[in-house]
Amino acid sequence: MIPPGETIGILGGGQLGRMMALAAANLGYRCHAYAPEADSIAADVCAAFTQGAYDDEAALAAFAAQCAVVTYEFENVAAAPLAAVSAHAPLHPPARALEVAQDRVSEKSFVEALGGRPAPWAQVDSLEDLKAAVARIGAPGILKTRRDGYDGKGQWRIAQPGDADALDLSAKPLIYEGFVTFEAEFSVILVRTEAGEVRFWDSAENVHKAGILDRSTVPAAPVILAQVDEARALAARVADALGYVGVLTLEFFATADGPVFNEMAPRVHNSGHWTIEGALTSQFENHVRAICGLPLGSTALAAKGVVMDNLIGDDAHDWPAILSDPANHLHLYGKAAVRPGRKMGHVTRLVL
Ligand code: AMP
């Protein structure tokens, strides 16, 4: 058990680390952020900050030596250099979870082996591979980078087989996925302790715009609620297989044939931001509790319902209007530059 007063190391400098650090502070912990960028919005609310590259083993080791436990908020950290962290402090969730989740091929293979069902997919390393994949799986489909994609970046829609011919595939390893006809999208967010206790938050119904999460609503539509148990069982198998400690997210499409696995994130998730006000214990607090070996807090709903809207790009300029309604809970992440498609904050409303 890592008692309050100790220092939690956070790899990654974004809003997830920021909200994690705020939750940790409420429990009396200090946080130490580690990120490559000079201006980190997580570091703004942490007691200490190391600016370093994710593959700088000496800097990672020096950072970990100052922490009682290390976690991450960003899944594109290379797993191998994290051995330098583990030599000095426990790393939760395990590096294996990063390895699996940061490559769409290993992620889908791992989940399939545990009985999960993703969209039909094929690894694509050449134009020939892509043509063969489109011939086998069909179009429409989506070509995605295997690594480093987020918020709809690194994705190309293939509407018809001929669309594949014009693409330049030289850049990076890719994956082709058949397009899923879904009725709705949802996420399963769980927290798991080292002893194997697992708790789930209510599943939010998620609506994306241009590949970016726009709104999460709890409770989700009946079509989702009918599929949550199956999705939860899969998420629990994933967490158990990884010996997972902390918060884990799996995203699903609710289809006429049941839940189709989309992707997993070995971390707290945007579709769980509603838990800050909408659950008895937030995803951020329970993540801190789990990695520090504290008892978990209740994940039960704190209201009849919750709606969380992301503030993307220029939406953030609307903060005066948002605050003019006293029922709105406004969260701004402190990002200096507003850019189109950039997550600047979110606003949560409870249905009481
Ligand atoms: P991803 O980054 O893979 O989560 O994709 C972002 C969003 O694009 C998803 O939440 C879906 O709305 C959409 N999307 C991704 N893959 C597929 C697919 N195979 N079929 C249908 N929609 C998809």
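This chain uses plain numbering: 1 for the first residue, then up along the sequence. Order of listing sets the numbers, starting from 1, for every ligand and every atom in it. Computed from a prediction, not measured in an experiment: that's the story for all the values here.
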**Prompt:** Is it the side chain, the backbone, both or neither of N206 that has a heavy atom closer than 4.0 Å to ligand 1?
**Reply:**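 It is neither part, as no heavy atom is under 4.0 Å.
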**Request:** Measure R104 to ligand 1 on non-hydrogen atoms and call it side chain, backbone, both or neither using the 4.0 Å cut-off.
**Result:** side chain
**Request:** Answer with yes or no after comparing the ring centroid distance for F49 and H32 against a 6.0 Å cut-off, counting only values under it.
**Result:**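 No, they do not, as the ring centres are separated by 6.0 Å or more.
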**Request:** Examine F74 together with Y54 and report whether their ring centres are nearer than 6.0 Å.
**Result:**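 Distance test on ring centres: under 6.0 Å, yes.
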**Proximity winner for atom 8 (O) of ligand 1, if only heavy atoms of H208, Q155, R157, E263 are counted** = Q155
Distance-only polar pair, side chains of [X] and [Y], donor-acceptor under 3.5 Å:
X	Y	result
Q283	W274	no
T71	H287	yes
S271	S187	yes

**Prompt:** Among all protein non-hydrogen atoms, which one is nearest to atom 7 (C) of ligand 1, and what is the separation to 0.1 Å?
**Reply:** G211 CA, 4.3 Å
In ligand 1, which numbered atoms sit nearer than 4.0 Å to a non-hydrogen atom of [X]?
X	result
K144	1 (P), 3 (O), 15 (C), 16 (N)
E185	9 (C), 10 (O), 11 (C), 12 (O)
F182	21 (C), 22 (N)
E177	16 (N), 18 (C), 19 (N)

**Prompt:** Just distances here: any N/O of V180 and N/O of ligand 1 closer than 3.5 Å?
**Reply:** yes
**Request:** Flag I142 as yes when one of its N or O atoms lies below 3.5 Å from any N or O atom of ligand 1, and as no otherwise.
**Result:** no
**Request:** Flag atom 13 (C) of ligand 1 as yes if some protein heavy-atom distance to it falls below 4.0 Å, otherwise no.
**Result:** no
**Asked** With under 30° as parallel and over 60° as perpendicular, where do the rings of Y333 and H273 fit, or are they tilted in between?
**Response**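 Aromatic pair Y333/H273 classed perpendicular.
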**Request:** Give me the ring orientation class for F252 and F186: parallel if the planes are under 30° apart, tilted from 30 to 60°, perpendicular past 60°.
**Result:** parallel
**Item:** contact_flag G141 ligand 1 heavy-atom lt 4.0 Å
**Value:** no
**Asked** Is any side-chain heavy atom of E251 less than 4.5 Å from a side-chain heavy atom of M264?
**Response** no
